[in-house]
2 protein chains.
Amino acid sequence: MIEQSKTSTGSKVTPVATTRIQKRNIALIADAALEVFSSHGYRGSTVDQIAKQAGLSKPNLLYYFPSKEAVHDYLLSTLMVTWLDPLREIDAKGEPLDEILGYVRRKLELSRDHPSESRLFANEIVQGAPRILPLLETELKSLVDDKAALFQSWMDAGRLAKADPHHLIFSIWSLTQHYADFDVQVRAVLGCEVTDPFPAAEEYLITLFTRMLKV
Amino acid sequence: MIEQSKTSTGSKVTPVATTRIQKRNIALIADAALEVFSSHGYRGSTVDQIAKQAGLSKPNLLYYFPSKEAVHDYLLSTLMVTWLDPLREIDAKGEPLDEILGYVRRKLELSRDHPSESRLFANEIVQGAPRILPLLETELKSLVDDKAALFQSWMDAGRLAKADPHHLIFSIWSLTQHYADFDVQVRAVLGCEVTDPFPAAEEYLITLFTRMLKV
DNA sequence: CGTTGCTTTGACCTTTTGGTCAAATGCCGC
DNA sequence: GCGGCATTTGACCAAAAGGTCAAAGCAACG
């Protein structure tokens with residue numbers, strides 16, 4: 001059995017790749033699991049499905065991860081980093097409106113280029129975030145509080161129209177992720193003639209937040 | 001076996017209640033199933049769970065619905081009506097901004113008072129809408145196209161600031177449903193001291209759409 | 001080449017789960 | 001109270017799914 005590093009939370013176990021084969025197979029499994037979990041949810045996905053998608057046998061997959069849940073935990077924890085990064089990048093020294101519009105653009109890009117990640121996350125939250133609630137209440141909350149305070153200071157300085165900064169962040173998340181999570185609905189409503197809803201979405205969102213926040 | 005009415009799509013079967021007991025039990029099952037499906041997803045829910053929640057035995061539940069899928073289909077089809085109703089209510093003869101703000105308020109109320117419905121729907125869409133895609137492409141699309149045309153005419157008449165009407169509708173859906181679907185995240189980020197995020201959410205959304213649409 | 005340790009898998013086990021069925025129970029008009 | 005119909009359920013079945021294990025490959029190093 002390959003080495004395992006137990007996280008402080010106890011049951012979660014993530015593999016530590018050392019050899020080339022391990023790195024490759026763990027990456028294969030992660031990619032496959034992302035695909036499968038994001039389109040069927042946790043319970044709706046089977047280890048066999050993930051293994052097949054990764055081109056491995058089920059016992060082989062379970063050689064690298066101790067359980068189905070461990071694969072899921074691994075994905076969620078690595079994803080949280082990527083997903084929160086654009087928010088971290090907001091620069092207190094930048095021009096307020098440009099910083100926020102840039103954030104909107106980056107989030108929308110993420111939704112376009114990595115819809116599976118967004119859907120995996122959505123699946124988890126919609127079902128009550130059983131596995132990541134602690135993370136939300138600590139890491140996410142403190143980061144959001146931080147940026148909300150920044151937005152508030154910009155508003156107080158008259159460099160941004162006033163609005164509840166927390167709900168401003170929620171609205172950015174909601175609007176951008178909608179195009180990943182509800183992709184099928186968006187395409188169904190726009191009709192088959194529209195192949196890519198993202199350009200129009202970007203223009204709409206930039207307009208929306210400009211009108212909302214411009215002093 | 002009680003009577004069944006097959007819908008035109010074939011596999012879907014919905015019960016037709018005739019007696020008092022049937023009406024009561026079908027309602028019990030529907031309530032229980034909504035609760036269970038919305039918090040665990042389709043595959044994550046078991047017939048036993050739903051039956052227990054409804055206070056019935058599993059075979060008894062399956063006496064009223066031929067299968068787990070039939071229960072799910074029943075919920076989805078009845079929900080689509082409730083869910084689309086506020087959009088239908090938008091009145092072409094009303095004052096444009098008031099009509100849209102009213103729609104936002106009604107949708108947000110739905111999210112507050114019926115979050116389970118919203119989550120059931122979200123679960124279905126996030127996972128690719130396998131069971132209701134046809135409905136989205138026909139009924140939903142035509143209703144949305146209809147209202148989008150109305151918004152466009154208001155904009156052309158200078159009674160509303162210009163913006164893509166389809167994406168305007170998407171943004172209303174996205175923002176209002178976010179408070180139901182991502183409820184745990186919203187509460188986790190706002191912190192335990194905030195017991196009800198909805199009043200602030202309503203104020204924020206009204207401000208947002210007013211600044212967006214006011215001429 | 002042969003030993004050693006990493007990797008892979010076929011076969012198997014157990015639990016869960018959707019669904020069936022015959023028999024039992026209860027309800028209601030007569 | 002009784003006949004007939006609706007309702008309920010305990011017992012059961014088959015398939016699916018998570019996970020184990022011993023044994024078989026296979027790679028790398030002496």
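Every heavy atom of this structure was used, including side-chain atoms; hydrogens, water molecules and symmetry mates were not. Numbers restart at 1 for each chain; the letters A, B, ... are given by sequence-line order, proteins then strands.
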When you match A:Gly44 and B:Pro59 each to their closest nucleotide on DNA chain D, which lands nearer the 5' end?
->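 Nearest-nucleotide comparison on DNA chain D picks B:Pro59.
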Check every atom of D:dA17, C:dC6, C:dG18 against the side chain of B:Thr46 and return the nucleotide holding the closest atom.
->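 Closest nucleotide to the B:Thr46 side chain: C:dG18.
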NZ or CZ of A:Lys68 within 45° of A:Tyr42 ring axis and under 6.0 Å =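 Yes, A:Lys68 and A:Tyr42 form such a contact.
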Where the side chain of A:Leu62 is concerned, which of D:dA6, D:dT20, C:dT8 is the nearest nucleotide?
->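 Nearest nucleotide to the side chain: D:dT20.
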Ignoring the backbone of B:Gln22, work out which of C:dG18, D:dT8, D:dA6 is nearest its side chain.
->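 Selected nucleotide: D:dA6.
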Within this structure, what is the OH-to-C1' distance between A:Tyr42 and C:dT16, rounded to whole angstrom?
->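 Roughly 14 Å, once rounded to whole Å.
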Between A:Phe65 (CZ) and C:dT7 (C1'), how many Å, whole number?
->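 In whole Å, C:dT7 C1' lies 16 Å from A:Phe65 CZ.
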Let me know the distance between NZ of B:Lys52 and P of D:dT8, rounded to the nearest Å.
->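 Between P of D:dT8 and NZ of B:Lys52: 19 Å.
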Over how many whole Å does the gap from A:Tyr64 atom OH to D:dT20 atom P extend?
->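 Taking atom P of D:dT20 as the reference, OH of A:Tyr64 is at 17 Å.
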What class does the angle between the rings of B:Tyr179 and A:Phe170 fall in, given that below 30° is parallel, 30 to 60° is tilted and above 60° is perpendicular?
->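 Geometry flag for A:Phe170 against B:Tyr179: perpendicular rings.
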Might you work through the ring-ring contact (aromatic ring centres under 6.0 Å, His included) test for B:His72 and B:Phe65, ending with a clear yes or no?
-> CA-CA 10 Å; B:His72 195 249; B:Phe65 289 86; over 10 Å; no
Considering only side-chain heavy atoms of B:Ser57, which listed nucleotide, D:dT20, D:dT9, C:dT9, is closest?
->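 Nearest to the side chain of B:Ser57 among the choices is D:dT9.
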Given D:dG19, C:dG18, C:dT17, which nucleotide is nearest the side-chain atoms of A:Arg43?
->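 Comparing D:dG19, C:dG18, C:dT17 against the side chain of A:Arg43, the answer is C:dT17.
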Within this structure, what is the OH-to-C1' distance between B:Tyr63 and C:dG19, rounded to whole angstrom?
->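 B:Tyr63 atom OH is separated from C:dG19 atom C1' by 17 Å.
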At their closest point, which heavy atom of B:Ser118 faces which heavy atom of B:Asp181, and how far apart are they?
->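 Where B:Ser118 meets B:Asp181 most closely, the heavy atoms are OG-OD1, 2.7 Å.
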Take atom CG of B:Leu56 and atom P of D:dT8, then tell me their distance rounded to the nearest Å.
->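 After rounding, the gap between these two atoms is 7 Å.
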D:dA16 C1' sits how many Å from B:Asp48 CG, rounded?
->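 These atoms are roughly 16 Å apart.
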Indicate whether any N or O donor in one side chain lies under 3.5 Å from an N or O acceptor in the other, for B:Tyr64 and B:Asn25.
->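 Yes, side-chain donor-acceptor contact under 3.5 Å.
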For the pair made of CG in A:Asn60 and P in C:dT9, what is the distance, rounded to whole Å?
->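 So the CG-P distance, A:Asn60 to C:dT9, works out to 5 Å.
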Taking atom types as they are modelled, is there a donor-acceptor pair under 3.5 Å from the base of C:dG19 to the side chain of B:Lys58?
->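 Indeed there is one.
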Given D:dA6, is OP1 or OP2 found less than 4.0 Å from the side-chain N or O atoms of B:Asn25?
->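 No.
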